[in-house]
Amino acid sequence: MSLPLKLAFWATVVGQIILLLAFIAIKENTLRTGASVLLQTVPIDPLSLLQGEYVVLDYEIADLGHRVVRPGETFYVELFETPDGVWVASQYLSEKPDSDRVFIKGTVGPRSRLEFGIDTFFIPEGTGQIIERARDVKVMVAVDSSGSAVIEDLIVDGQPFDPRKITQPLRPPEDANQPPGQVRPLSGKDELVGGG
Amino acid sequence: MAQNSSNIGPDGERFLERLPSELSRWEADGVITAEQSQAIRARYSPAELAPRSARARGRLVTGLSIIGVVLVGLGVIFFFAANWDGIDRWPKLAIILASIFLAHGLGYYLRYHRDYQRVGSAMVLLACIIYGAGVHLVGQVYNVDVNDPRLMLFWFLGVLPLVYIVKSQPIQFLGLVLFFLAVGFRLPGWTDDVSRGEAVLGASLFLILGLFILALGRMKEEIAAFRPYSEVFELVGMITALGAVFVLTFKDVLSSDGGLFVQGDTEIAFRIVIVAAGALTLALVLSTAWLHRRNEQSFTLNGIEGVAIVVLLAAAYVVMGVDGDLDGNGDVLFTVVFNALLALALLGVLVSGYLRGKEAWVNIGLAFIGINIIARYFEYSWDLLDRSLIFVAAGVILLLGGYLVERGRQAMLDRIRMAGGRR
C-alpha cells in the first residue's frame with residue numbers, strides 16, 4: 001500500500017471518529033447549556049431493528065390547530081411555564097424569536113403536526129407497554145438558544161423513567177372478583193412494579 | 001503490474017490456468033527469454049494466474065470471512081439495540097469508538113502487514129459496520145428521531161473513502177447500499193408536498209440513480225486504474241435500475257386518476273438530485289463511448305448498452321412529468337410501455353451477459369424474469385380466478401418454469417465457460 005493510500009486510510013478512520021465525536025458534542029452542548037422544559041406528551045411503542053425498542057412521543061405543543069401549513073415548513077414555538085411546571089405553547093412564529101425567550105424549533109410533518117427532532121425515546125426491550133399504559137407521560141427537554149432540543153428524561157406518572165428499577169412488566173393486582181387467569185384493566189392507582 | 005486484468009483473451013480462465021506452466025516450458029525451450037516470460041506474467045494479477053483449486057479456496061475464505069463479519073456485525077448491532085440500559089452512556093460510547101478503531105487497526109494489520117487480503121478486508125468491512133452501529137448508537141443515546149436521514153448519510157460518508165482506498169468488493173457493495181439507503185431515508189422529506197405519486201417518484205429516482213451507478217461502473221471498466229471497482233458498481237446499479245423499472249410495471253403504481261401521475265411539489269433538493277444525476281449519467285455514457293473507441297474495442301455492444309441507459313433515463317423523466325390522463329388510458333399506456341421496457345432491458349442484460357461472458361448478469365437477468373412472471377401472474381389472475389386455483393396453477397407454472405430456466409441457464413453457462421469468458 002502506497003504512503004498516500006496509508007494516510008488516506010487512517011484519515012478516514014480518524015474522520016469516522018471525529019464525525020461521531022462531533023455528533024456527540026452537539027447533543028452534549030444542548031444538554032449542558034440548554035434551558036430545561038417539561039412538555040406534555042402521549043407515547044406509542046414501535047421497534048427499530050438497528051436501535052431497538054422506542055416510544056414515539058406525540059407532544060401537545062405539536063398541534064397546530066386549524067392553521068393552514070405546508071409540510072416541511074419551520075415554526076418556532078414560544079413556550080411559557082404553567083403553575084404545575086409544564087411548559088406550553090404561547091405562540092407559533094415563523095420567525096426566530098429573541099434569544100432571551102424559551103422557544104423550540106419544529107418542522108411540519110406529514111400529519112400537519114410539528115416535529116421537533118425529539119419525537120423518539122429509546123427504551124429497553126419489553127418496557128414499551130409500561131410507558132404506553134401510564135396515566136401521564138411528560139418529557140424533560142433541554143432547549144438551546146437556537147431552538148434545538150435534546151431529551152433529558154422521560155417522566156412517567158410523575159417519576160423519572162428508570163428501566164433498571166423495573167424487574168418485571170407492569171401487572172395489575174389480582175382481583176378476587178375476576179375468574180382465575182383473568183385480570184381487571186389497569187387503573188391510575190396501579191404502580192410500576194419495581195418502579196421509582 | 002497487472003494491466004490486462006479484465007481482458008483475458010479468448011481462452012479465458014483455462015488459458016490463464018495453463019499460462020504459468022506454458023511460460024516455464026517456453027522459457028526452458030528457449031522460445032522466449034526470462035525477461036519476456038516475466039513481462040508476460042506481469043500482465044496478469046497473481047490471483048488470475050492461480051490454479052483453479054487455489055481460486056476456489058480463496059473464494060471459500062472470502063465467503064467464510066463475510067459470513068463471520070455479518071454475524072459479528074449483527075451481534076454488535078443487536079447488543080447495543082437490546083442492552084442499552086445495562087451500560088451507562090459514556091462507557092457505551094467509549095466502547096463503540098474503541099471498537100471502530102480496533103477493528104480498523106486489525107483489518108489494516110492483517111491486510112497490509114500480514115498480506116491476509118481477504119480476512120483483512122473482512123475486518124475493515126466489520127469496522128465499517130461497527131461504525132454504522134456507532135452512528136445509530138449515538139442517535140439512540142441522545143434519542144435522535146429513529147428515521148432521521150442524517151444517520152444513514154453519516155454512515156455512508158464514513159464508508160465512502162474506504163470504497164476506493166480498500167479495493168474490496170464487499171466494502172464497495174456496502175458503500176453502494178448505504179448510498180441508496182441514505183437517499184431512501186431522505187426521500188419522504190423531499191416529497192412532503194406530494195399528494196399522490198410517491199411510488200412513481202421513488203421508483204423514478206432510484207431508476208435514475210441505478211443508471212448513474214451502472215454508467216459509473218461501465219466507465220470504470222474502460223480505465224485500468226478503476227477496473228477493480230467496475231464489477232460491483234455495474235451489478236448494484238443494474239439491479240437497482242431493473243428493480244425500479246419493475247415497480248413501474250404495476251398498473252396500480254401508475255394509476256393517474258385524471259391528471260399527472262405525480263401531483264404536488266417536490267423539494268428543490270430532490271429536483272437538483274435528479275437533474276444532476278441524469279446529467280452525470282449522460283456524461284458518463286458519452287465518456288465511456290469515447291474511452292471505448294480510444295481503446296480501439298468493438299463499439300456495437302457498448303453503444304447499444306449506452307443507448308439503453310439513455311432510453312431508460314428518458315423514461316424516468318417522462319413518467320414523473322407527463323399527463324397520465326391521455327384520453328383516460330394514460331395509466332394503461334404507461335404500464336404497457338414500462339412492461340415492454342423491462343422485457344427489452346432483461347433481454348439486453350441476458351445478451352450482454354452472454355456476449356461478455358458474465359455469469360452474474362445472466363443469473364440476475366433470469367432471476368428478474370422469474371420474479372416478473374410470478375408478479376404478472378398474481379397481478380392479473382387475482383381478480384379473475386378462484387384463490388385455490390391461483391396457487392395450484394402458480395405452483396405448477398413455477399415448477400415448469402424452474403425446470404426450463406435451469407435447463408436454459410445451464411446451457412448458457414456451459415457456452416460461457418466453453419468460450420472461456422470471465423465471470
Side-chain angles (χ1 to χ4, degrees), chain A residues 1 4-17 19-24 26-28 30-31 46-57 70-73 107-110 115-127 139 141 149-152 154 162-164 166, chain B residues 77-78 80-86 89-90 93 96-97 100-101 103-105 107-108 111-113 124 127-128 130-148 150-151 154-155 157-162 164-167 188-194 264-265 267:
Chain A
M1 196 186 205
L5 273 182
K6 271 183 194 170
L7 290 174
F9 180 90
W10 287 110
T12 305
V13 176
V14 171
Q16 288 182 353
I17 304 283
L19 213 153
L20 282 177
L21 288 174
F23 195 8
I24 293 167
I26 290 167
K27 297 292 174 188
E28 278 296 324
T30 303
L31 276 177
L47 177 74
S48 158
L49 279 178
L50 280 171
Q51 291 164 296
E53 201 169 332
Y54 63 97
V55 285
V56 174
L57 304 168
R70 201 173 51 79
E73 201 174 342
T107 311
V108 179
E115 293 174 351
F116 303 104
I118 48 169
D119 309 302
T120 302
F121 186 82
F122 290 94
I123 51 174
E125 276 182 358
T127 57
V139 180
V141 172
V150 176
I151 294 176
E152 285 181 336
L154 194 72
D162 187 351
R164 279 169 289 198
I166 297 164
Chain B
I77 289 169
F78 288 143
F80 283 110
N83 296 313
W84 75 286
D85 63 312
R89 178 169 64 186
W90 291 111
L93 293 172
I96 201 91
L97 291 173
I100 295 167
F101 199 75
H104 274 306
Y108 182 86
R111 187 180 162 112
Y112 299 111
H113 284 265
V124 178
C128 291
I130 295 174
Y131 165 69
V135 170
H136 284 85
L137 176 77
V138 175
Q140 184 202 63
V141 165
Y142 294 100
N143 293 296
V144 174
D145 285 351
V146 75
N147 290 326
D148 192 321
R150 290 174 303 176
L151 299 179
F154 289 164
W155 193 356
L157 290 176
V159 171
L160 178 65
L162 295 174
Y164 288 95
I165 295 167
V166 184
K167 287 177 184 170
W190 283 340
T191 57
D192 274 343
D193 274 2
V194 175
D265 290 330
E267 291 285 319

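Each chain gets a letter, A, B and so on, in the order its sequence line appears, and its residues count up from 1.
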- Side chain, backbone, both or neither: which part of Trp190(B) has an atom under 4.5 Å from a heavy atom of chain A?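 Neither the backbone nor the side chain of Trp190(B) comes within 4.5 Å of chain A.
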
- Message: Determine whether a donor-acceptor pair (N or O, by modelled atom type, separation under 3.5 Å) exists between the side chain of Asn143(B) and the backbone of Phe122(A).
- Response: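 Looks like yes, one N/O pair under 3.5 Å.
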
- Message: For the backbone of Asp145(B) and the side chain of Asp119(A), can you confirm whether one donor and one acceptor N or O come within less than 3.5 Å of each other?
- Response: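 Such a contact is absent between Asp119(A) side chain and Asp145(B) backbone.
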
- Task: Check each atom of Leu21(A) against the heavy atoms of chain B and say whether the ones under 4.5 Å are side chain, backbone, both or neither.
- Result: side chain

- Where does Ile118(A) contact chain B at under 4.5 Å (heavy atoms): side chain, backbone, both or neither?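 It is the backbone, since no side chain atom gets that close.
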
- Query: Taking all non-hydrogen atoms of both residues, which atom of Val150(A) and which atom of Tyr142(B) are closest, and how far apart?
  - Reply: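 Between these two residues, the closest heavy atoms are CG1-O, 4.1 Å.
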
- Between Gln16(A) and Val159(B), what is the shortest heavy-atom contact and its length?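 What the structure gives for the nearest pair is NE2-N, 4.3 Å.
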
Between [options], which has the largest tally of heavy atom pairs under 4.5 Å with chain B?
{"options": "Leu19(A), Leu31(A), Leu57(A)", "value": "Leu19(A)"}
{"options": "Glu28(A), Arg70(A), Glu152(A)", "value": "Glu28(A)"}
{"options": "Thr107(A), Val108(A), Leu5(A), Ile24(A)", "value": "Ile24(A)"}

- Between Tyr108(B) and Phe9(A), how do the two ring planes meet: parallel, tilted or perpendicular, split at 30° and 60°?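 Rings of Tyr108(B) and Phe9(A): tilted, 30 to 60°.
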
- Gap separating the CD1 atom of Ile165(B) from the OG1 atom of Thr12(A), nearest 0.5 angstrom: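 The OG1 atom of Thr12(A) is 3.5 Å from CD1 of Ile165(B), to the nearest 0.5 Å.
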
- Can you tell me if CZ on Phe101(B) sees more than 12 non-hydrogen neighbours from other groups inside 6.0 Å? no

- Query: Picking from Val124(B), Leu97(B), Ile96(B), Val166(B), which has the most non-hydrogen pairs under 4.5 angstrom with chain A?
  - Reply: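 Most heavy-atom pairs under 4.5 Å with chain A: Leu97(B).
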
Answer yes or no: is there a side-chain heavy-atom contact under 4.5 Å between [X] and [Y]?
{"X": "Lys27(A)", "Y": "Val144(B)", "result": "yes"}
{"X": "Leu93(B)", "Y": "Leu20(A)", "result": "no"}
{"X": "His104(B)", "Y": "Val14(A)", "result": "no"}

